[in-house]
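All values derive from a computational prediction rather than experimental measurement. Both backbone and side-chain heavy atoms feed into the values below; hydrogens, waters and symmetry mates do not.
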Amino acid sequence: MTQPSLFVHDMALHGLRVELLSRRAYSATDPVRTHSLGIALERQKGVHAIGSDHREDFDTWPGMLAYTPPGVDVFSESATGGEYLVARWTCGLGVPAPRRSKGRAYWAGHAAALAAAQHLRRLLLDAAPDVLAVEQSALAFLNLQTSTEGDNRPDPHPQLRSVYGRVLDHIAHEFAQPLSIAQLAQAEGKSPLRFLREFTQLVGTTPHAFIVETRVQAARAMVRKDAAPLASIALDCGFTHQSHMGVAFRKVLGRTPGQYLAAWRQGQYASPHPGGSLPASQQLSNRGEDLPRLDRLGEMQIES
């Protein structure tokens with residue numbers, strides 16, 4: 001974004017910048033001067049204006065991939081935010097624009113892009129990020145937006161979204177409880193197989209993977225508070241035991257809960273500007289509760 005106070009996991013590489021925006025309330029204007037490709041890793045709701053002054057509500061789900069060409073201003077505001085990965089690049093990388101490039105292009109439930117973004121998240125959260133690996137993975141992520149034509153509407157399946165929006169709400173409230181596909185499908189009058197197919201189509205991941213991600217994100221927030229034993233956090237977030245949570249953490253974040261907590265205590269993920277310490281016009285744009293220190297990542301710039 002434009003404000004200098006935005007702190008994110010980011011890395012600049014040969015005219016390409018990769019940013020991992022953490023879940024936090026924000027309000028920001030992004031006058032896009034480069035190509036931009038972003039994908040939601042978590043669901044988030046708010047209000048935005050894309051290429052105009054007309055503001056409208058949005059409900060972005062995981063797997064929603066969005067390409068924004070240069071010159072399309074974006075305003076976005078959310079009371080809760082949600083983890084989001086965005087790559088920005090200039091000409092010269094050899095990345096063709098999508099066929100629908102006059103405005104924003106969307107791909108709902110983009111499974112390959114979501115998997116690529118989750119891999120990039122693990123790389124960026126590493127204690128010593130591998131610059132070459134990040135560069136290669138980011139370029140592979142950019143290439144995914146050219147595989148199919150994007151849609152000019154963020155909600156191509158409004159009827160199904162209404163149904164599965166209730167499912168996502170249910171999981172958000174009940175993730176700590178035992179959940180099954182049969183149970184979730186029955187609540188919406190669906191067969192388990194149809195439920196599995198439609199959920200994966202809309203969200204870009206399976207119900208099981210989504211529930212594990214939800215539990216890990218909840219546990220991640222509790223670990224940062226550092227106020228409860230890891231074994232208690234595991235049970236409170238729906239894991240059967242601490243080892244179960246550890247396996248999920250390694251798969252989702254690339255680090256064990258203990259490693260994540262140790263890094264947090266050491267300030268590796270500390271934002272230089274705690275919430276509330278910035279001017280009102282800037283403080284909501286700081287979405288980085290998980291941000292590595294800028295003297296470690298921010299200087300890894302090899303821009304052309």
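- Shortest non-hydrogen contact noted between I39 and A117 is CG2-CB, 3.4 Å.
- Side chain to side chain, Y26 and S76 meet the donor-acceptor criterion of an N or O pair below 3.5 Å.
- Distance check, rounded to the nearest 0.5 Å: CG of D73 to CZ of R33 gives 5.5 Å.
- Using a 4.5 Å cut-off on side-chain heavy atoms (C-beta onward), L179 and H170 make contact.
- A 4.5 Å side-chain heavy-atom check between P257 and L230 finds at least one atom pair inside the cut-off.
- With rounding to the nearest 0.5 angstrom, the CG atom of L123 is 11.0 Å from the CG atom of L20.
- Taking the side chain as every heavy atom from C-beta outward, E56 and V47 never approach each other to under 4.5 Å.
- For V86 against S36, the heavy-atom pair with the smallest separation is CG2-OG, 3.4 Å.
- Legend: residues meeting salt bridge (Lys or Arg N to Asp or Glu O under 4.0 Å) with R194, ordered by chain and number and at least two apart, are E198.
- Using a 4.5 Å cut-off between side-chain heavy atoms of Ile, Leu, Val, Met, Phe, Trp and Tyr, with links allowed through other members, L196 and F199 fall into the same hydrophobic cluster.
- Partners of W89 under the ring pair (Phe, Tyr, Trp, His ring centres under 6.0 Å) rule, at least two apart in sequence or in another chain, are H35.
- Considering NE2 of H119 and CG of L114, their distance stands at 13.5 Å, rounded to 0.5 Å.
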> Should Y260 and R224 be marked as a side-chain contact (heavy atoms from CB on, under 4.5 Å) after you check the CA-CA gap, both sets of side-chain angles, and the distance that decides it?
Replying inline: CA-CA 8 Å; Y260 188 86; R224 286 196 297 268; 3.1 Å; yes

> Step by step, would you call T205 with T200 a side-chain contact (heavy atoms from CB on, under 4.5 Å)?
Replying inline: CA-CA 5 Å; T205 190; T200 304; over 6 Å; no

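- M245 and F175 fall into different hydrophobic clusters, defined by Ile, Leu, Val, Met, Phe, Trp and Tyr side-chain heavy atoms under 4.5 Å apart, directly or through other members.
- Within the structure, no pair that satisfies the salt bridge (Lys or Arg N to Asp or Glu O under 4.0 Å) test touches residues 239-250, not counting sequence neighbours.
- V74 has its side chain out of reach of T29: every pair of non-hydrogen atoms, C-beta onward, lies at least 4.5 Å apart.
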>> Go through it in stages, so that I can follow the logic: the residues are D169 and R43, the test is side-chain contact (heavy atoms from CB on, under 4.5 Å), and I'd like the CA-CA distance, side-chain angles, deciding distance and then a yes or no.
In response: CA-CA 10 Å; D169 289 338; R43 186 184 188 185; 2.8 Å; yes

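- Taking OG of S22 as the start and CZ of R220 as the end, the distance is 6.0 Å to the nearest 0.5 Å.
- Looking only at distances, no side-chain donor or acceptor of W61 sits under 3.5 Å from a matching main-chain atom of V203.
- A distance-only check finds no donor-acceptor pair linking the side chain of E174 to the backbone of I171 [under 3.5 Å].
- Salt bridge annotation for R215-D236: absent, with no cationic side-chain nitrogen under 4.0 angstrom from a carboxylate oxygen.
- In this view, R55 satisfies the salt bridge (Lys or Arg N to Asp or Glu O under 4.0 Å) rule with no residue, not counting sequence neighbours.
- Among V163, L168, L160, the one residue that satisfies the side chain to side chain contact (heavy atoms under 4.5 Å, CB included) test with L202 is L160.
- A distance-only check finds no donor-acceptor pair linking the side chain of E83 to the backbone of L41 [under 3.5 Å].
- The six-membered or imidazole ring of H48 lies away from that of F75, with a centre-to-centre distance of 6.0 Å or more.
- Remark: of the listed residues R24, K45, R23, Q44, Q44 is the sole one forming a side chain to side chain contact (heavy atoms under 4.5 Å, CB included) with S78.
- Side-chain polar atoms of Y67 and R104 form no donor-acceptor pair below 3.5 angstrom.
- In this structure the side chain of V216 reaches within 4.5 angstrom of the side chain of L253, judged on heavy atoms.
- Nearest heavy-atom pair, D126 versus P129, reported as atom, atom and distance to 0.1 Å: O-CD, 3.4 Å.
- Residue M222 is grouped with residue L261 when hydrophobic side chains (ILVMFWY) are merged at heavy-atom distances under 4.5 angstrom, including chains of intermediate members.
- Heavy-atom contacts from other residues, nucleotides or ligands closer than 6.0 Å to CD of Q186 number 12 or fewer.
- Looking at every heavy atom in both residues, A182 comes nearest to P192 through CA-CG, 4.4 Å.
- Residue H173 places its NE2 atom among 12 or fewer non-hydrogen atoms of other residues, nucleotides or ligands, all under 6.0 Å distant.
- Put simply, L124 and L142 are part of the same group of oily side chains (I, L, V, M, F, W, Y) that touch within less than 4.5 Å, one to the next.
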Sequence neighbours excluded and cut-off under 3.5 Å, please list the side-chain donor-acceptor pairs for residues 206-214, or say none.
{"unit_1": "T206", "atom_1": "OG1", "unit_2": "A209", "atom_2": "N", "d": "3.1"}
{"unit_1": "E213", "atom_1": "OE1", "unit_2": "R121", "atom_2": "NH2", "d": "3.0"}
{"unit_1": "E213", "atom_1": "OE2", "unit_2": "R121", "atom_2": "NH1", "d": "2.8"}
{"unit_1": "E213", "atom_1": "OE2", "unit_2": "R121", "atom_2": "NH2", "d": "3.4"}
{"unit_1": "E213", "atom_1": "OE2", "unit_2": "Q217", "atom_2": "NE2", "d": "2.9"}
{"unit_1": "T214", "atom_1": "OG1", "unit_2": "F210", "atom_2": "O", "d": "2.9"}

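- Nearest heavy-atom pair, D53 versus A49, reported as atom, atom and distance to 0.1 Å: C-CB, 4.4 Å.
- Summarising the geometry of F195 relative to I181, their closest heavy-atom pair is CD2-CG2, 3.8 Å, with the distance given to 0.1 Å.
- Here F239 pairs with H244 under the ring pair (Phe, Tyr, Trp, His ring centres under 6.0 Å) rule; sequence neighbours left out.
- To the nearest 0.5 angstrom, D30 atom CG is 8.0 Å from T68 atom OG1.
- Atom-to-atom distance recorded for L120:CG and R122:CZ is 9.5 Å, nearest 0.5 angstrom.
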> Are Y106 and L65 close enough, and set up right, to give a side-chain contact (heavy atoms from CB on, under 4.5 Å), and what steps lead you there?
Replying inline: CA-CA 6 Å; Y106 298 92; L65 184 68; over 6 Å; no

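- Counting heavy atoms from C-beta on, the side chains of L139 and L16 come closer than 4.5 Å.
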